[in-house]
Amino acid sequence: MAERFDKYMERCLYHPADGFYASGRGIAGRRGDFITSPEVGPLFGAVLARALDVWWHELGKPDPFPVIDLGTGPGTLLRALALSRPKCSKAWQLVGMDRANNVELPSDLENGVVLANELLDNVPFRIGRRASVGWEEVFVQDGAETWAELEGAPPAFSGSELMEIGRPFPLHTAAAELMADVISRSPARIVAFDYGALTTVELAQRGGWLRTFRNHERGDDPYLAAGQWDITTDVALDQLPPPTSVATQAAFLRAHGIQELVVEGKAHWLANAARPDLAAMRMRSRIGEAEALLDPGGLGSWLCVQWAFGSPSLAP
Ligand SMILES: C[S@@+](CC[C@H](N)C(=O)[O-])C[C@H]1O[C@@H](n2cnc3c(N)ncnc32)[C@H](O)[C@@H]1O
């Protein structure tokens with residue numbers, strides 16, 4: 001029987017016995033299949049800790065201050081945040097949540113911040129295209145794709161009427177629902193980092209938005225060895241609830257002091273190079289980590305998408 005692409009992807013990634021994440025392969029990290037920003041090293045978390053302090057002050061130093069890392073994976077970002085010990089850590093309730101650990105998001109996230117690094121690209125998506133009449137989407141049958149009439153409401157992103165006939169694009173129905181659900185719990189801010197583009201039309205024209213990964217090897221055939229490969233997509237932001245701001249990851253990290261942390265790291269290393277300890281090594285590693293995190297051809301070009309509520313600063 002034909003299965004809609006998102007249902008197929010759901011099985012490939014999250015089936016409790018045979019899915020990519022269930023099988024333990026989907027552990028982000030140096031020995032894993034992909035390297036995310038927290039996995040580059042503790043610097044990403046150190047910058048986010050500074051940002052959390054800014055937001056905490058703007059909110060009037062709430063206590064408790066809920067900080068949720070949604071889609072936390074192995075929890076590396078949480079550990080880096082804890083290591084940084086920002087001022088807000090005396091009030092924060094720092095929690096990592098992942099569909100794998102079955103913890104329910106609290107119904108009320110008032111005054112809280114939700115972080116989501118490379119979550120949205122991993123939420124099962126559909127694949128659509130405009131047909132000469134109406135819309136079609138991908139179904140999977142016997143390990144191959146077939147196109148059939150799109151189920152439910154037609155896509156509603158901006159410029160959908162201009163979409164070229166026959167050009168496939170990702171349809172983020174579940175990711176949009178997930179973000180709407182998080183927003184409905186009234187956090188002060190949601191901060192998502194991901195690869196993507198502002199519009200679906202742009203992604204469709206660019207192509208190459210669907211990727212698979214295994215052992216740092218990149219593929220593009222999601223039907224090959226189902227369950228053994230990660231399946232991921234660039235995220236089209238115009239399908240999500242409208243964000244308050246969008247910047248590149250590099251711009252966000254610069255605005256929140258990554259360069260100062262690197263300068264501090266170099267100085268600490270120089271002062272301790274004769275008898276380096278773990279802290280000094282960590283400080284030295286900030287130099288290489290910053291290069292990776294700001295790389296305009298890689299992590300630096302990821303988007304930092306924010307939904308801020310109330311009257312907090314919008315800088316970036
Ligand atoms: C690519 S990994 C990123 C892990 C981590 N945030 C990082 O940056 O290293 C995506 C994670 O999102 C989780 N995930 C996917 N859909 C989710 C959902 N609806 N709610 C919570 N976690 C989800 C997956 O289980 C996976 O651990």
Side-chain angles (χ1 to χ4, degrees), residues 6-7 9-48 67-82 94-106 109 113-126 170 172-185 187 190-196 210-216 218 227 229-235 240-241 249 252-253 289 292-293 298-300 302-305:
D6 56 335
K7 311 282 180 213
M9 177 174 166
E10 171 76 30
R11 263 193 321 113
C12 288
L13 264 55
Y14 303 113
H15 186 280
D18 306 322
F20 176 73
Y21 281 98
S23 61
R25 277 185 294 268
I27 305 291
R30 287 167 205 280
R31 287 172 299 280
D33 297 273
F34 41 79
I35 290 190
T36 61
S37 295
E39 297 291 338
V40 167
L43 182 59
F44 184 71
V47 181
L48 269 176
V67 177
I68 313 267
D69 180 26
L70 190 59
T72 192
T76 313
L77 177 58
L78 291 178
R79 286 191 288 281
L81 287 171
L94 188 59
V95 182
M97 308 194 72
D98 199 283
R99 55 177 293 166
N101 62 22
N102 285 326
V103 185
E104 272 281 300
L105 260 184
L109 288 170
V113 174
V114 178
L115 308 170
N117 191 67
E118 295 199 23
L119 161 70
L120 295 171
D121 65 84
N122 237 198
V123 175
F125 54 90
R126 298 156 69 188
H172 305 293
T173 314
E177 281 168 8
L178 175 62
M179 294 319 287
D181 178 47
V182 178
I183 290 170
S184 76
R185 293 162 198 259
I190 305 168
V191 187
F193 297 89
D194 232 307
Y195 27 87
L210 189 155
R211 292 181 288 279
T212 62
F213 287 97
R214 182 174 66 174
N215 298 331
H216 299 292
R218 181 172 159 174
W229 292 76
D230 186 22
I231 302 176
T232 170
T233 177
D234 284 310
V235 180
L240 304 179
Q249 168 159 310
F252 173 89
L253 295 177
E289 288 177 45
L293 294 172
L299 292 172
W302 278 199
L303 299 174
C304 172
V305 190

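Throughout, numbering of the chain's residues begins at 1 and tracks the sequence. Given the structure is predicted, the values throughout are model-derived calculations rather than measurements. Whatever order the structure lists ligands and atoms in, that order sets their numbers, starting from 1.
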K.L.:
Between D69 and ligand 1, is there a nitrogen or oxygen pair with a distance under 3.5 Å?
P.N.:
no
K.L.:
Taking all non-hydrogen atoms of both residues, which atom of M179 and which atom of L120 are closest, and how far apart?
P.N.:
SD-CD2, 3.6 Å
K.L.:
Where the closest heavy atom to atom 8 (O) of ligand 1 is concerned, which of L70, L178, L115, N117 has it?
P.N.:
N117
K.L.:
Can an N or O of P38 be found at a distance shorter than 3.5 Å from an N or O of ligand 1?
P.N.:
no
K.L.:
Do the ring planes of Y21 and Y14 sit parallel (below 30°), tilted (30 to 60°) or perpendicular (above 60°)?
P.N.:
parallel
K.L.:
Can you confirm, on distance only, whether ligand 1 has an N/O atom lying under 3.5 Å from any N/O atom belonging to E118?
P.N.:
no
K.L.:
For the residue pair R79 and P42, establish whether any side-chain heavy-atom pair is separated by less than 4.5 Å.
P.N.:
no
K.L.:
How does T36 reach ligand 1, if at all, at less than 4.0 Å between non-hydrogen atoms: by side chain, backbone, both, or neither?
P.N.:
side chain
K.L.:
So, are R11 and D18 salt-bridged, with charged N and O less than 4.0 Å apart?
P.N.:
no
K.L.:
F252 and ring pair (Phe, Tyr, Trp, His ring centres under 6.0 Å): which partner among F44, F193, W302?
P.N.:
F193
K.L.:
With respect to D121, determine whether any N or O atom, backbone or side chain, lies less than 3.5 Å from an N or O atom of ligand 1.
P.N.:
no
K.L.:
Closer than 4.0 Å to some heavy atom of Y14 - which atoms of ligand 1 meet that?
P.N.:
15 (C), 16 (N), 24 (C), 25 (O)
K.L.:
Under the 3.5 angstrom rule, does the side chain of D98 hit a backbone N or O of G73 as a donor-acceptor pair?
P.N.:
yes
K.L.:
Which part of T76 is near ligand 1, with near meaning a heavy atom under 4.0 Å away: side chain, backbone, both or neither?
P.N.:
neither
K.L.:
Hey, which atoms in ligand 1 end up nearer than 4.0 Å to a heavy atom of Y21?
P.N.:
1 (C), 2 (S), 10 (C), 26 (C), 27 (O)
K.L.:
I'd like the name of whichever of E39, R99, E177 reaches closest to atom 21 (C) of ligand 1 through any heavy atom.
P.N.:
R99
K.L.:
Counting heavy atoms only, which of G19, P124, G71 is nearest atom 6 (N) of ligand 1?
P.N.:
G71
K.L.:
Keeping D194 on the side-chain end and D121 on the backbone end, is there a donor-acceptor pair under 3.5 Å?
P.N.:
yes
K.L.:
May I ask whether F193 places a heavy atom under 4.0 Å from ligand 1?
P.N.:
no
K.L.:
Looking at every heavy atom in both L299 and I35, which two are closest together, and how far apart are they?
P.N.:
CD2-O, 4.4 Å
